[in-house]
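Sharing a structure below in structure tokens format, with a few things to ask.
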Amino acid sequence: MILYMLRLGSLGFGGPIALVGYMHRDLVEDRKWISAADYKEGLALAQLAPGPLAAQLGIYMGYVHYHVVGATLAGLAFVMPSFLMVLALGWAYVRFGGLPWMQAVFYGVGAAVIGIIAMSAKKLTAKSIGKDKLLWAIYLLLAGVTVVTESEVAWLFIAAGVLVWLLRAPPKWFSKGGLYAIGLPHLAAAPAVFGTLDMSLLTQIGIFFTKAGAFVFGSGLAIVPFLYGGVVTEHHWLTDKQFVDAVAVAMITPGPVVITVGFIGYLIAGLPGATVAALGTFIPCYLFTVIPAPYFKKYGKLPGVLAFVDGITAAAIGAITGSVIVIARRSIIDIPTALIALVTVALLWKFKKLQEPIVIASAAIIGLIVFSLRTP
């Protein structure tokens, strides 16, 4: 499992949507290390909790058979390769005064990523939704909401789970006022108190990125608006251009998209800043996965819990599918990028064993060539 997570963290392009698809394909279908039920539980838990989706699911995959030790080692193995890559890119960025080639690479890679995540969303939909009309209704609703709002509405995931639970395995009695979300609005406001204190830069970085990891729901690029508001607008740690370059780094490196926090932290305060930013972002998602995991494992086979998980899973995959369209709007900007995305889909559809890193490398080369021809 450690070796698999190291490989996924080193070669897994496409962001959270693709990464959760790879885990299903590799761990559930091909290697059969993880049961479909355990995978669904992990995906549901990852959607319920704030923080990066793919990292939480990877941590849960390690927890399934090896508990806290497995969760810890799987999480480290998954995050560490991409963290080291963004550190290297951060050093080069500072040393050579920016990386203009990133725009050219992202031009091609961003379009190919759309094809990869579209195929991942298709496979997840076929495997998890099937022909169930109720789950299809939830799936389509969440896909539509995600496209319209360009964000993932956390309470709708919970509402979907509760709906399926009440319709398919209704409890005999309800505890009055038992179904509501608690704490987050108050918790989200609490860290603002620290803003009035005179703190060192590293402490400010730690508090800000812990807030990002603990209070931002949604996968991958959902955290970007929150980061922009704090890093550029509030603290003025980076310029607009530097922040855009940081997002590009997230998209052209494998592993979790949220690892861009390491690049941002490096630009702010070097290696210590990168380390503090990454720890602040990922420790909350680790705790939000490991602490409730035993209860998911213990009670996960109860009819009510199974129904609840089915509802959340349908909502999660619907949101994932909707986010494909949202990201496509930003990455497919002209005819060449549209062609790259369509060819990627066609190749992955035709050649089931085609490795995604090959597609990404080819798209990067094409992007460099086309972008250089278009730029005077």
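Sequential numbering from 1 along the given sequence is applied to the chain's residues.
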- Task: For the residue pair Glu41 and Tyr60, confirm or rule out a side-chain donor-acceptor distance under 3.5 Å.
- Result: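 Judged by distance alone, the side chains do pair up.
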- Message: Using side-chain contact (heavy atoms from CB on, under 4.5 Å), reason through Leu279 and Thr210 one step at a time and then give a plain yes or no.
- Response: CA-CA 8 Å; Leu279 288 174; Thr210 299; over 6 Å; no
- Message: Can you give me the closest heavy-atom contact between Ala112 and Ile340, atom names plus distance?
- Response: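 In this case the closest contact between Ala112 and Ile340 is N-CG2, 3.8 Å.
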- Task: Start with the C-alpha gap between Ile268 and Leu238, add the side-chain angles, then the distance that decides, and say whether side-chain contact (heavy atoms from CB on, under 4.5 Å) holds.
- Result: CA-CA 7 Å; Ile268 299 170; Leu238 299 184; 4.3 Å; yes
- Message: To the closest 0.5 Å, what do you measure between CG (Leu11) and CG (Leu6)?
- Response: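 With rounding to 0.5 Å, CG (Leu11) is 10.5 Å from CG (Leu6).
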- Item | Ion pair check, Arg7 and Asp26, cut-off under 4.0 Å |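 Here Arg7 does not pair with Asp26 in a salt bridge, since their nearest N and O are not under 4.0 Å apart.
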- Is the shortest heavy-atom distance from the side chain of Ser82 to the side chain of Pro256 under 4.5 Å?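 Result yes, sub-4.5 Å side-chain heavy-atom pair found.
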- Message: In the structure I gave you, are the side-chain heavy atoms of Thr281 and Phe208 within less than 4.5 Å of one another anywhere?
- Response: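 They are not in contact (no side-chain heavy atoms under 4.5 Å apart), so the answer is no.
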- Query: Is a side-chain donor-acceptor pair under 3.5 Å present for Tyr63 with Thr289?
  - Reply: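 Their side chains do not contain a donor-acceptor pair, so the 3.5 Å distance test is not met.
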- Message: When you compare the side chain of Leu57 with that of Tyr39, does any pair of heavy atoms fall below 4.5 Å?
- Response: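 Sidechains of Leu57 and Tyr39: in contact.
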- Under the side-chain contact (heavy atoms from CB on, under 4.5 Å) rule, what do Met61 and Val28 come out as? Steps first, then yes or no, please. CA-CA 10 Å; Met61 295 297 96; Val28 179; 5.7 Å; no
Which atom pairs, donor and acceptor, lie under 3.5 Å between side-chain atoms of residues 73-80 and protein residues at least two apart or in another chain?
none

- Item | In one Ile/Leu/Val/Met/Phe/Trp/Tyr side-chain cluster, 4.5 Å: Val20, Tyr286 |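 No: no chain of side-chain contacts under 4.5 Å links Val20 to Tyr286.
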- Message: Taking Val64 as the starting point, is it possible to reach Ile59 by hopping between hydrophobic residues whose side chains are less than 4.5 Å apart?
- Response: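 No, it is not one cluster - the side chains of Ile59 and Val64 are not joined through contacts under 4.5 Å.
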- Query: Is the distance between the ring centroids of Tyr266 and Tyr93 under 6.0 Å?
  - Reply: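 No, the ring of Tyr266 stays outside the 6.0 Å limit from the ring of Tyr93, centre to centre.
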- Query: Would a 4.5 Å heavy-atom cut-off, applied to side chains only, mark Ile264 and Trp237 as touching?
  - Reply: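 No, their side chains stay 4.5 Å or more apart.
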- Item | Single-linkage hydrophobic cluster, 4.5 Å side-chain cutoff, Leu134 and Leu141 together |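 In one cluster with Leu134: Leu141, yes.
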- Given side chains that start at C-beta, do those of Met23 and Tyr4 come closer than 4.5 Å, heavy atoms only?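 Met23 vs Tyr4: side chains touch.
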- Query: Between the side chain of His65 and the main-chain N/O of Trp33, is any donor-acceptor distance below 3.5 Å?
  - Reply: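 Checked: pair present.
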- Task: Kindly work out whether a path of hydrophobic side-chain contacts (I/L/V/M/F/W/Y, heavy atoms less than 4.5 Å apart) joins Leu342 to Ile358.
- Result: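 No, because Leu342 and Ile358 fall into different hydrophobic clusters, even though each may have its own neighbours under 4.5 Å.
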- Please round to the nearest 0.5 Å and tell me the distance separating atom CD1 of Ile312 and atom CG of Leu156.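 Ile312 CD1 to Leu156 CG: 11.5 Å, rounded to 0.5 Å.
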- Message: Within the 4.5 Å heavy-atom criterion, are Ile317 and Leu135 side-chain neighbours or not?
- Response: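 They are not in contact (no side-chain heavy atoms under 4.5 Å apart), so the answer is no.
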- Task: Report whether Leu267 and Val276 are members of the same hydrophobic cluster (ILVMFWY, side-chain heavy atoms less than 4.5 Å apart, transitive linking).
- Result: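 They do share one cluster, since a chain of ILVMFWY contacts under 4.5 Å joins Leu267 to Val276.
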